[in-house]
Amino acid sequence: KKCTTFASKIKFTSKMNRLFTLFFACLFSLTIAAKDWAQYSRYAASNDSITSRPKAVLMGNSITDNWAKFHPEFFAENNFVGRGISGQVTSQMLCRFQADVIALRPKMVIIMAGTNDIALNNGYISHEHILQNIQSMCQLAKQNHIKPVLCSCLPAAAFKWRPELKPAEEIIRLNEMIKAYAEANRITYVDYHSALVDEQGGLPTKYAKDGVHPNLDAYHIMEQILLNAL
């Protein structure tokens, strides 16, 4: 009986040790992330190396980030600079807008944002507040003689990292709000959504294996839409 009790204590202690280890590992990760929440450091060196005025800075999340990685020629040929960061929400983009856009003095800023807000990457945020963050970026751009260009969010029927969400209609609603704001303020609106959406309101697998992140074929379509709009 004593042996059984002793073994139970050891098992309990071992379990608690694993829980404490996991807790402190998570706490450490959060502490590191909190030091550069907006990820100013991501493009700091690249920003310092820019010596000529870009035609446009593309501000966004992983979709913009991957675009510059998958097809760097498109950016080089058009004098575009990519400033997308994977996972980012509009609040983070707004925080780094001074460093990653205004400081580069581009003629235009092309903003594609909101998908990760709908995915609740930084917790709940209303569509109205998502739009307000986008509006603030546009206002900052105009104050600094940079022409803002607003893009639709790409379609998505599901997020693999948030399987409980059904984002298709939420994305359509946000796009309608962005478009209405753009039209009311004479800002160019670039509609990728209509060209890429499938019957389920998502991004078909021929354009994105995970239904969210475009492949090169999708980027080619987006490039033509963007250049035509500009």
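Note that this is a predicted model, so its numbers are computed, not measured.
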* Would a 4.5 Å heavy-atom cut-off, applied to side chains only, mark N122 and Q88 as touching? -> no

Closest non-hydrogen atoms of Y192 and C151, given as atom of the first, atom of the second and distance, are CE1-CB, 3.7 Å

Heavy atoms of A208 and L203 approach each other most closely as CB-CD2, 3.4 Å

Could R173 and E128 be called an ion pair, given the rule that one side-chain N must be under 4.0 Å from one carboxylate O?
-> yes

Going hydrophobic residue to hydrophobic residue with side-chain gaps under 4.5 angstrom, can you get from M177 over to V197?
no

Report task. Find out whether D198 and Y207 are in side-chain contact, i.e. whether some heavy atom of one side chain is under 4.5 Å from a heavy atom of the other. Result -> no

Tightest non-hydrogen contact, residues L196 and P204, listed as O-CD, 3.0 Å

Short N-O contact, R42 and D65, less than 4.0 angstrom
yes

Rounded to the nearest 0.5 Å, the CD atom of E223 sits from the CG atom of N78 at a distance of 8.0 Å

Task: side-chain contact (heavy atoms from CB on, under 4.5 Å) evaluation trace for F74 with W67 - done: CA-CA 9 Å; F74 173 72; W67 196 347; 3.8 Å; yes

Scanning both residues in full, the closest heavy-atom pair of P214 with V212 reads CD-O, 3.5 Å

Here the gap from M112 atom CE to I134 atom CD1, rounded to the nearest 0.5 Å, amounts to 11.5 Å

Exercise. Can you find a heavy atom in the side chain of H71 that is under 4.5 Å from one in the side chain of L216?
Worked result: yes

Rounded to the nearest 0.5 Å, the CZ atom of F97 sits from the OG1 atom of T90 at a distance of 12.5 Å

R83 to Y43 six-membered ring, cation-pi geometry met (6.0 Å, 45°) = yes

M222 vs L154, test: side-chain contact (heavy atoms from CB on, under 4.5 Å). Steps then yes/no. CA-CA 10 Å; M222 292 166 62; L154 299 192; 4.1 Å; yes

_Transitive ILVMFWY side-chain link F70 to I221, under 4.5 Å_ = yes

Item to complete: Please check if atom NZ in K142 has more than 12 non-hydrogen atoms from other residues, nucleotides or ligands closer than 6.0 Å.
Response: yes

To the nearest 0.5 Å, atom CZ of R96 lies from atom CD1 of I102 at 12.5 Å

Measuring only between side-chain heavy atoms, which start at C-beta, is E170 closer than 4.5 Å to H127?
yes

TODO: Determine, step by step, whether L150 and C138 satisfy the side-chain contact (heavy atoms from CB on, under 4.5 Å) criterion, reporting the C-alpha distance in whole Å, the side-chain angles of both residues, the deciding distance to 0.1 Å, and the verdict.
DONE: CA-CA 9 Å; L150 292 177; C138 291; 3.6 Å; yes

Rounded to the nearest 0.5 angstrom, the CD1-CG distance for I63 and L58 is 12.0 Å

Closest non-hydrogen contact found for P167 with A156 is CG-O, 3.3 Å

Smallest heavy-atom separation, A38 atom then I85 atom, equals O-CD1, 4.3 Å

Original post:
Any side-chain heavy atom of I130 within less than 4.5 Å of one from L174?
Top reply: yes

**Request:** Give the cluster check for L140 versus V89: same hydrophobic cluster or not, with ILVMFWY residues linked at side-chain heavy-atom distances below 4.5 Å.
**Result:** no

Can you tell if the side chain of I111 reaches within under 4.5 Å of the side chain of V149, non-hydrogen atoms only? no

ask   = Is it the case that one hydrophobic cluster holds both L104 and Y40, taking links as side-chain heavy atoms less than 4.5 Å apart, direct or via other members?
value = no

Would H213 and N66 satisfy side-chain contact (heavy atoms from CB on, under 4.5 Å), going step by step from the backbone distance to the final call?
CA-CA 8 Å; H213 297 94; N66 290 342; 3.9 Å; yes

When rounded to the nearest 0.5 Å, the distance separating CD1 of I118 from NZ of K166 is 15.0 Å

**Request:** Report yes if the side chains of K107 and I146 come closer than 4.5 Å at any heavy-atom pair, otherwise no.
**Result:** no

Exercise for the section: Check whether any side-chain heavy atom of N61 lies under 4.5 Å from a side-chain heavy atom of S86, and answer yes or no. Expected result: no

>> Quiz question: by atom type and distance under 3.5 Å, do the side chains of H220 and D217 form a donor-acceptor pair?
In response: no

